[in-house]
Number of protein chains: 2
Amino acid sequence: MVDITDFRNGMSLLSGAVNVITTAGASGRFGFTASAVCSVTDTPPTLLVCMNRSSSSHCHFKDNEILTVNVLGAQQQDVSQAFSSKISMDERFNFGEWITLATGSPVLKDALVSFDCQVKQMNEVGTHTIFYCEVQAIQTNTEGEHSGLIYFNRSYHHVGKLSA
Amino acid sequence: MVDITDFRNGMSLLSGAVNVITTAGASGRFGFTASAVCSVTDTPPTLLVCMNRSSSSHCHFKDNEILTVNVLGAQQQDVSQAFSSKISMDERFNFGEWITLATGSPVLKDALVSFDCQVKQMNEVGTHTIFYCEVQAIQTNTEGEHSGLIYFNRSYHHVGKLSA
């Protein structure tokens, strides 16, 4: 087994897209910044999100059973910072414009791409829950020049350019 | 439910690190290129890898119960292409220099970082298996100037610079 600090240092070199994961419903409206998202299968279209069970919003995602993965563009570092800060949920949602698609979970209107999902299965591993989510609707914003927001080596970076 | 093409197009905008996942053991030596890797928890240090069950090497990863996630640096696009091509497993391992750490699974000597893992749990979702892997050893190469290899919008990109 490896040391936790070595593991964290190693993981800081695994670059990842920056996403804001949101939910809304009877249990309230919540959102946080995360990079632990990945594609699972396209039959049916499914992704997974890894969430710490000790986070205050974890139980609300579990109760609402819906979530949206909003993949941030290079110009949305302020949204990433708001959703990883100590400010209240209401204050967080003051950053960006929010709409809904199929499930009612908050969708960031100008995210690079948003996946609006129904949670289908949860799997607990150590301190975390893996949410397996079936995609109900997708919104993409690829008009104009956009690039992706990346977290690598403990800082933000930009990647690529999408042509109009 | 969304269309598979829309899902794939949307997922092409979720940037990801480029990794070569390897295994070795009684079942043989195998490796393939994948971006569907993410950190799960640090207690104990665990990551997940998502693998298509229809791939020819899937059963060998399952049998060997060990795997290494080799996170590629910007200069290793040739290794990525070899491990996602139609060439034989032996030919693939001619790209790069391979060593072993704790488990005996192949470790790319100059990968940005390699996580040498024991598979602890498998979860089948649709067409894919999620391998939950406990990290047994880590190798990092951060001397000199290195940057990460990213796949975004269906092409390779480089991100960041690590200072010596």
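Just so we're on the same page: letters track the sequence lines, and every chain starts at 1.
With a threshold of 4.5 angstrom between heavy atoms, B/Leu48 approaches chain A through side-chain atoms but not through N, CA, C or O. Looking at B/Thr46, both its backbone and its side chain come within 4.5 Å of chain A, counting heavy atoms on both sides. The contact between A/Ser39 and chain B is made by backbone and side chain atoms together, counting heavy-atom distances below 4.5 Å. At a 4.5 Å heavy-atom cutoff, the contact between A/Gln121 and chain B is made by side-chain atoms alone. Looking at B/Asn9, neither its backbone nor its side chain comes within 4.5 Å of chain A, counting heavy atoms on both sides. Looking at B/Asp42, the atoms closer than 4.5 Å to chain A (heavy atoms on both sides) sit in the backbone and in the side chain alike. Residue contact with chain B, scored on non-hydrogen atoms closer than 4.5 Å, involves the backbone and the side chain of A/Gln136 alike. Both the backbone and the side chain of A/Val125 come within less than 4.5 Å of a heavy atom of chain B. For chain B, the nearby part of A/Ile150 is the side chain; its heavy atoms alone come within less than 4.5 Å. When heavy atoms are compared at a cutoff of 4.5 Å, A/Ile130 approaches chain B solely by way of its side chain, counted from C-beta outward. There is no contact between A/Asn52 and chain B, counting heavy-atom distances below 4.5 Å.
Most heavy-atom pairs under 4.5 Å with chain B: of the set A/Ala17, A/Cys38, A/Ser114, A/Pro45, this distinction falls to A/Pro45. Chosen from A/Met1, A/Glu134, A/His157, the residue pairing most often with chain B at heavy-atom distances under 4.5 Å is A/Met1. Ranked by heavy-atom pairs under 4.5 Å with chain A, the list B/Ile138, B/Asp3, B/Thr140 is led by B/Ile138. With chain B as the partner, the residue from A/Ser35, A/Ala36, A/Gly126 showing the most heavy-atom pairs under 4.5 Å is A/Ala36. Chosen from B/Asn19, B/Thr127, B/Thr129, B/Leu72, the residue pairing most often with chain A at heavy-atom distances under 4.5 Å is B/Thr127.
A side-chain donor from one of A/Tyr156 and A/Ser80 sits under 3.5 Å from a side-chain acceptor of the other.
When all heavy atoms of A/Val159 and B/Phe152 are compared, the pair lying nearest together is O-CE2, 3.6 Å. Across all non-hydrogen atoms, the minimal contact from B/Gln75 to B/Asp110 is NE2-O, 4.0 Å. Summarising the geometry of A/Ile99 relative to A/Gln139, their closest heavy-atom pair is CD1-OE1, 3.3 Å, with the distance given to 0.1 Å.
A donor-acceptor contact shorter than 3.5 Å is absent between the side chain of B/Thr68 and the backbone of B/Asn70. No donor-acceptor pair closer than 3.5 Å links the side chain of B/His58 to the backbone N or O of B/Met51. Side-chain atoms of A/Arg154 never come within 3.5 Å of backbone atoms of A/Ser12 as a donor-acceptor pair (strictly under, hydrogens ignored). Checking side-chain atoms of A/His128 against main-chain N and O of A/Cys50 turns up no donor-acceptor pair under 3.5 Å.
A distance of 6.0 Å or more separates the ring centres of B/Phe61 and B/Phe30.
Using a cutoff of 4.0 Å between basic side-chain nitrogens and carboxylate oxygens, B/Glu91 and B/Arg29 are not scored as salt-bridged.
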